[in-house]
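Here's the structure we're looking at; comments come further down.
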Amino acid sequence: MSQKPFYVSTPIYYVNDKPHLGHAYTTVACDAKARFHRLRGEPTQFLTGTDEHGQKLERAAREAGMDPLAFCDMNSAKFRELWEKLDISYDDYIRTTEERHIRGVQELWRRVEAAGDIYLGAYAGWYAVRDEAFYTESELTEGPGGAKIAPSGAEVEWVEEPSYFFRLSKYAEPLLEHYEKNPNFVQPESRRNEVMSFVRSGLKDLSLSRTSFQWGIPVPGDESHVIYVWFDALSNYLTAPGFDENGVREGSPWPTDQHFIGKDILRFHAVYWPAFLLSAGVPLPGQVFSHGWWTVEGQKMSKSLGNAVDPHWLIEEYGVDAIRYFLLKEIPFGLDGDFSHGALIDRINSDLANDLGNLLYRTLNMVKRYREGRLERTPSGDSEAESAFCEFVADAAMKYERGMSATHFQNGLRAAWEVISCANKYIDSNAPWALAKEGEEDRLRSVLWHAVAAIRVVAAMISPVMPASAQKIAAQIGLAEDWANAPYSELMDMRRLPEELVTSIGAPLFPRIEDEAKEAIQEKVARRIAGGEEAAPQEDVKEEISFEEFQKMDLRAALVLEAEQIPKSKNLLKLTVSLGGETRTVVAGLAKHYAPEDLVDRKVILVANLAPAKLMGVESQGMVLAAEDGEHLLLAGVDETVTPGAPIR
Ligand code: ME8
């Protein structure tokens, strides 16, 4: 019998909007895990896709004036397009509007029904369309204007309609038993505890169908109902590899070994999903790994902040692998974290350019200089230093494997960086330049060969996270195109580097981002947060907005009280402006166009309700308007007699 593939999945994303950084995060993590298993030579199945039914989708399509399916086609394609750019190696992509899925969902329904777990009733209660979730009164809080708000922040609405229910209450005990017997079923541990206490507090039956809209899969035998979108969506993991009237397809990779999800959808995956499967008599998945939540520049992700971390833009600005690396290195997988351009640039400069890039560059440079690019193994040149080095790397390889297997990407990457730093030290203390000078040919060859051997191990280690860079490194050290297909144990063993190689130096893998470029990026970030950047600034044609949209902007006349250059910044000025009753600190990219003293006492126009943003360590509480006139920036003016704080309409 052939080995069951290691089967990993991402959530299937809602196509009511385009993909954002959060979606990219889960998908990159899942990709790294899939690639790690492939690196180990295991057959692997990686599933992603899009969630296309439900009330949220129906509404979004209506607002866009589109037929729901055409709307889904359009947005589902945007996810695929991003995955392509992000080097996502999925094996299958499921859309819930596909026939194979619809058939499977209806079959799962029938099995749950046959188990006696579905009954007809009526639902009267709260529903959040944004989450596609039901909430009880006690879970809600009061929002602005008396609106009722779910714990997720979504607004709820009252729903009263006939509904089929799932006997979720019946599954509390079996679920608890499953969590007890399978301590890794929910990870990380803190999430497992959360799930267990939720289940212990008692489960209520779950509304499993809706009648007040059409866009969904019809309930078998009662077409006046559509199946609850979460029952529909969760089934994707089972329907994609094949599930129908004959059950789980023979040879299917089911059950999923690891579901990657964000903490927002933990309850659906760790409680409802296994309960549906228990009821239908289908084997349960191995693990639900729930990761944390990203904030952006210290704030909760929103439309405008999302714009400042638009994955397409990030890729353009920094390159795919830098983004992939940052996402998996910056925070322990499972915890929350903050995405900031400053932190990303620091990581690129220190970890990628300085540590990794420099190791590769200096090593290959010496191979070129002293050996005309040729590497040869010379055991006669080995000394104790070489065995110590090889042992250190073997040790790091074990840490790497432990980290990656446990989905602790940070630990895995840390082990790779231990090898990098050890290699850099090895070069320093064995000084090939001195060996060359002293004519110690054998030692010289051996030291260079060992340095490159360590680089190959690093390339293998980073390949799940930075596949393109790993490939480039391999090419520069002279390995064959299919080098990564070698057995895993060989890839992790320095001594298994081919005895002879011809190296070639390529373009720097990760160019440093110098201060000036960093500043330019920070300015773009501020503009993107303000919403101006996405529509190309040179073109005057922007999307039409309504008067209501225009009115959302709080424009005010402001008086500049103080202006000073921000230390280490060539572009940015820190302004203190008065709005009459209130003073604000604003960072403006005007330093190349105005001397600070020329700005004092000037009246300017301030966007006063712009979300605050940190630029070069200073929090900017608004934006000063200026005209972009070719190369020049000229302040937008108001009559000098205006009172500071006066609204501009
Ligand atoms: O929930 N930080 O789809 P969705 C980290 N269709 N991850 C984030 C994030 C953030 N700020 N924001 C979103 C759905 N995510 C359902 C899933 S599965 C059967 C159905 C990620 O488009 C995270 O993985 O709202 C989260 O679980 C997912 O996006 C939600 O995507």
Side-chain angles (χ1 to χ4, degrees), residues 8-31 33 47-57 60 72 75-76 78-79 82-83 88 93-97 101 104-105 108 128-133 150 152-154 191 216-217 227-240 256 258-274 276-277 285 288-303 305-311 323 326-328 330-340:
V8 274
S9 68
T10 72
I12 49 171
Y13 303 110
Y14 288 127
V15 286
N16 61 311
D17 210 346
K18 59 182 189 202
H20 58 62
L21 183 72
H23 302 127
Y25 180 49
T26 320
T27 311
V28 163
C30 191
D31 186 58
K33 194 67 195 277
L47 174 70
T48 188
T50 42
D51 186 351
E52 307 191 353
H53 287 132
Q55 199 168 14
K56 168 149 106 171
L57 229 292
C72 292
N75 281 339
S76 183
K78 290 183 188 158
F79 281 85
L82 179 61
W83 302 155
I88 303 300
Y93 189 97
I94 180 115
R95 299 181 53 188
T96 55
T97 45
H101 175 74
V105 172
L108 192 69
V129 176
R130 198 185 83 185
D131 304 343
E132 296 284 16
S152 64
R191 298 288 167 216
I217 300 177
I227 295 177
Y228 175 39
V229 66
W230 270 102
F231 184 90
D232 167 345
L234 288 160
S235 309
N236 89 88
Y237 306 121
L238 180 62
T239 63
T256 314
Q258 213 178 3
H259 290 306
F260 281 80
I261 58 157
K263 64 181 183 182
D264 54 323
I265 54 176
L266 180 59
R267 193 179 291 182
F268 300 96
H269 283 81
V271 182
Y272 302 168
W273 180 224
F276 298 154
L277 293 169
V288 176
F289 202 115
S290 152
H291 65 66
W293 211 240
W294 285 97
T295 51
V296 171
E297 306 285 344
Q299 294 172 58
K300 202 170 156 232
M301 198 154 22
S302 62
K303 263 246 153 77
L305 282 164
N307 198 14
V309 289
D310 169 40
I323 303 303
F326 181 78
L327 290 174
L328 299 184
E330 189 63 5
I331 48 171
F333 199 65
L335 301 187
D336 294 340
D338 183 50
F339 190 103
S340 83

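These numbers come from the heavy atoms of this one structure, side chains and all, not from hydrogens, waters or symmetry mates. Computed from a predicted model, the values in this text were never measured in an experiment. Both counts, for ligands and for their atoms, begin at 1 and track the order of listing.
- Between H269 and W230, the two ring planes are perpendicular [angle over 60°; tilted spans 30° to 60°].
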Starting from the N and O atoms of ligand 1, collect every protein N/O partner closer than 3.5 Å and put each pair on its own line with the distance to 0.1 Å.
{"unit_1": "ligand 1", "atom_1": "2 (N)", "unit_2": "W294", "atom_2": "N", "d": "2.9"}
{"unit_1": "ligand 1", "atom_1": "6 (N)", "unit_2": "I12", "atom_2": "O", "d": "2.8"}
{"unit_1": "ligand 1", "atom_1": "6 (N)", "unit_2": "D51", "atom_2": "OD2", "d": "2.7"}
{"unit_1": "ligand 1", "atom_1": "11 (N)", "unit_2": "W294", "atom_2": "O", "d": "3.2"}
{"unit_1": "ligand 1", "atom_1": "22 (O)", "unit_2": "Y14", "atom_2": "N", "d": "3.0"}
{"unit_1": "ligand 1", "atom_1": "22 (O)", "unit_2": "H23", "atom_2": "NE2", "d": "3.1"}
{"unit_1": "ligand 1", "atom_1": "24 (O)", "unit_2": "T26", "atom_2": "OG1", "d": "2.6"}
{"unit_1": "ligand 1", "atom_1": "24 (O)", "unit_2": "G262", "atom_2": "N", "d": "3.3"}
{"unit_1": "ligand 1", "atom_1": "24 (O)", "unit_2": "H291", "atom_2": "NE2", "d": "3.4"}
{"unit_1": "ligand 1", "atom_1": "27 (O)", "unit_2": "G262", "atom_2": "N", "d": "3.0"}
{"unit_1": "ligand 1", "atom_1": "27 (O)", "unit_2": "D264", "atom_2": "OD1", "d": "2.9"}

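- Taking the six-membered ring for Trp and thresholds of 30 and 60 degrees, F333 and F289 have ring planes inclined between 30 and 60 degrees apart.
- For S9 and H259, the side-chain atoms include at least one donor-acceptor pair closer than 3.5 Å.
- Geometric assessment of K33 against the ring of F260 yields a negative cation-pi assignment under the 6.0 Å and 45° thresholds.
- Between the side chains of E52 and T96, no donor-acceptor pair is found at a separation under 3.5 Å.
- In this structure, a donor-acceptor pair under 3.5 Å is present between the side chains of T26 and H291.
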